[in-house]
K.L.:
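Structure incoming, see below.
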2 protein chains.
Amino acid sequence: MDNSVRIKFDKIDRRILEILQANAKITNAQLSKDIGLSPAPTLERVKKLEQSGIIKSYHAKLDPEKIGLGVSTFVLVSLIGHNKGNIDAFMKEINGIPEVIECHHITGTGDFILKIISKDITAYQKLMLEKVSEIKEVDSMQSMVILSTFKDSKVLPIPA
Amino acid sequence: MDNSVRIKFDKIDRRILEILQANAKITNAQLSKDIGLSPAPTLERVKKLEQSGIIKSYHAKLDPEKIGLGVSTFVLVSLIGHNKGNIDAFMKEINGIPEVIECHHITGTGDFILKIISKDITAYQKLMLEKVSEIKEVDSMQSMVILSTFKDSKVLPIPA
DNA sequence: TTTTGCACCACATAAAATTTTGTAAAAACA
DNA sequence: TGTTTTTACAAAATTTTATGTGGTGCAAAA
């Protein structure tokens, strides 16, 4: 798999990455102007960044409210046991729930933090009662409802 | 601003949104095949979805580890006061810190939850000490370090 | 110094996006 | 219900963009 390879990239590549994170729909011609190269080598660099796995994918970002998704939450989850089998089983269940858009294993009080998005509070409650809390590995849960989102950047700060 | 308008979209639009969330780089020709329309009306629909603000933007997703970002955290932040002035001041500071990629106002114990990404634990500590905890509106903070990420979906579940 | 290998540019070609035009179906209206 | 208006669509033409090719300069290694 070679998943932890350090790939080298220079200042120009870094600039390409910054631009494509902020705006994936830029044309190669415009991108090449912005970074000060001609289109051909610009495209080469982008392809290399894709092939090396530095660029994983491209996504459209939607407005949750405009598609009828009014409630987002973070949920801290504790499992009944912390062995690999339990965690795997839990993850398998979580993967099958599209409303759970993130799942991270964390240090601290809980074991996992989930990000969940749903239509409204009613739908959220139903989801939690009928799906999440039904997972047998789940011990306790603590919800934090998002009142408003002030920052949601898709641009990672690339270290020098 | 007209920010909370309900825009109507049908089943075809919903499929377009699902596809573009998962893969923004699909060609219009391929997209039109997938949804069973010809290229022209397909493109029209995409443009309308963009103009209405349902599609907000397009982003490249990078591999954090491959660009040298090894530590991600969630941080619960409590402010010293909960009035609008304090919150605005806090938000202004947060917006100036690129390592803070998300900031949500939440219910529950804390006031805010941040998602922070940095090079390593040392860089994280430095960031927290010198930037975040220096914000004068901040009272207390509680960090949760992400050990591993099992799910990080860029596809929102669009309600029927 | 010569060679090798990149990284680049300019240009040609292929592919894709976008516009235009015309038509049919659906919705609004009298 | 019949008429008008609007909307959605396809096909084809046009414009824009991506992509491939060949050639040049420069830097590092022989």
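A, B, ... follow the sequence lines: proteins, then strands. Residue 1 opens every chain.
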K.L.:
Starting at CG of B:L20 and ending at C1' of C:dA17, how long is that distance when rounded to a whole Å?
P.N.:
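Answer to the nearest Å: 14 Å.
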K.L.:
Under 4.0 Å, heavy atoms only, any strand: does B:K47 hit a base, just the sugar-phosphate, or nothing?
P.N.:
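Contact class for B:K47: sugar-phosphate only.
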K.L.:
May I ask you to verify if any side-chain N or O of B:K25 is less than 4.0 angstrom from the OP1 or OP2 atom of C:dA17?
P.N.:
no
K.L.:
Nearest-nucleotide wise, let me know which of A:E44 and A:Q30 is further upstream toward the 5' end of DNA chain D.
P.N.:
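Looking at DNA chain D, the more 5' nearest nucleotide goes with A:Q30.
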K.L.:
As a test of reading the structure: which of D:dC9, C:dC9, C:dA17 is closest to the side chain of B:P41, going by heavy atoms?
P.N.:
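Closest of the options to the side chain of B:P41: D:dC9.
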K.L.:
Would you kindly give the OH-to-P distance between A:Y58 and D:dA18, to the nearest whole Å?
P.N.:
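Nearest whole value for this atom pair: 12 Å.
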K.L.:
For the salt bridge (Lys or Arg N to Asp or Glu O under 4.0 Å) test, which of B:R45, B:K48, B:K8 pairs with B:D13?
P.N.:
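Among B:R45, B:K48, B:K8, the one meeting salt bridge (Lys or Arg N to Asp or Glu O under 4.0 Å) with B:D13 is B:R45.
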K.L.:
Would you mind classifying the nucleic acid contact of A:A29 as base, sugar-phosphate or nothing, using non-hydrogen atoms under 4.0 angstrom?
P.N.:
sugar-phosphate
K.L.:
Answer yes or no: is there an ion pair linking B:D88 with B:K92, defined by an N-O contact shorter than 4.0 Å?
P.N.:
no
K.L.:
Could you give the CG-to-C1' distance, from B:D10 to C:dA27, as a whole number of Å?
P.N.:
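Distance check: B:D10 CG to C:dA27 C1' gives 15 Å.
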K.L.:
Report the nucleotide, chosen from C:dC8, D:dC9, C:dA17, that has the shortest atom-to-atom distance to any side-chain atom of A:L37.
P.N.:
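The nucleotide sitting nearest to the side chain is C:dC8.
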K.L.:
Identify which nucleotide among C:dT18, D:dT19, D:dC9 has an atom closest to any side-chain atom of A:P39, counting heavy atoms from C-beta outward.
P.N.:
D:dT19
K.L.:
To the nearest Å, give me how far apart CG (A:L31) and P (C:dC8) are.
P.N.:
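Computing the A:L31:CG to C:dC8:P distance gives 12 Å.
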K.L.:
Rounded off to whole Å, could you give me the NZ-to-C1' distance for the A:K33 and C:dC8 pair?
P.N.:
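Rounding to the nearest Å, NZ of A:K33 and C1' of C:dC8 are 18 Å apart.
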K.L.:
Do the side chains of A:K119 and A:E99 get close enough for a salt bridge, i.e. N-O under 4.0 angstrom?
P.N.:
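Answer for the salt bridge query: no.
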K.L.:
In whole Å, what is the span from the CD1 atom of A:I26 to the C1' atom of C:dA16?
P.N.:
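A:I26 atom CD1 is separated from C:dA16 atom C1' by 18 Å.
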K.L.:
Check this for me, if you would: do B:E50 and B:K47 make a salt bridge, where the nitrogen-to-carboxylate-oxygen distance has to be below 4.0 angstrom?
P.N.:
yes
K.L.:
Across the strands shown, which category fits A:S38 at heavy-atom distances under 4.0 angstrom: base, sugar-phosphate, nothing?
P.N.:
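The residue A:S38 makes base contact.
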K.L.:
Just compare C:dC8, D:dA18, C:dA17 and give me whichever is closest to any side-chain atom of A:R45.
P.N.:
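Of the options given, the side chain of A:R45 lies nearest C:dC8.
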K.L.:
To the nearest angstrom, how far is B:I35 atom CD1 from D:dC9 atom C1'?
P.N.:
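It is 12 Å, rounded to the nearest whole Å.
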K.L.:
I want to verify a distance call: between D:dA10, C:dA17, D:dT17, whose nearest atom is closest to the B:L43 side chain?
P.N.:
C:dA17
K.L.:
State plainly whether the residues B:K154 and B:D152 are in salt-bridge range, i.e. N to O under 4.0 Å.
P.N.:
yes
K.L.:
State which of D:dA18, C:dT18, D:dC9 makes the closest approach to the side chain of A:N28.
P.N.:
D:dA18
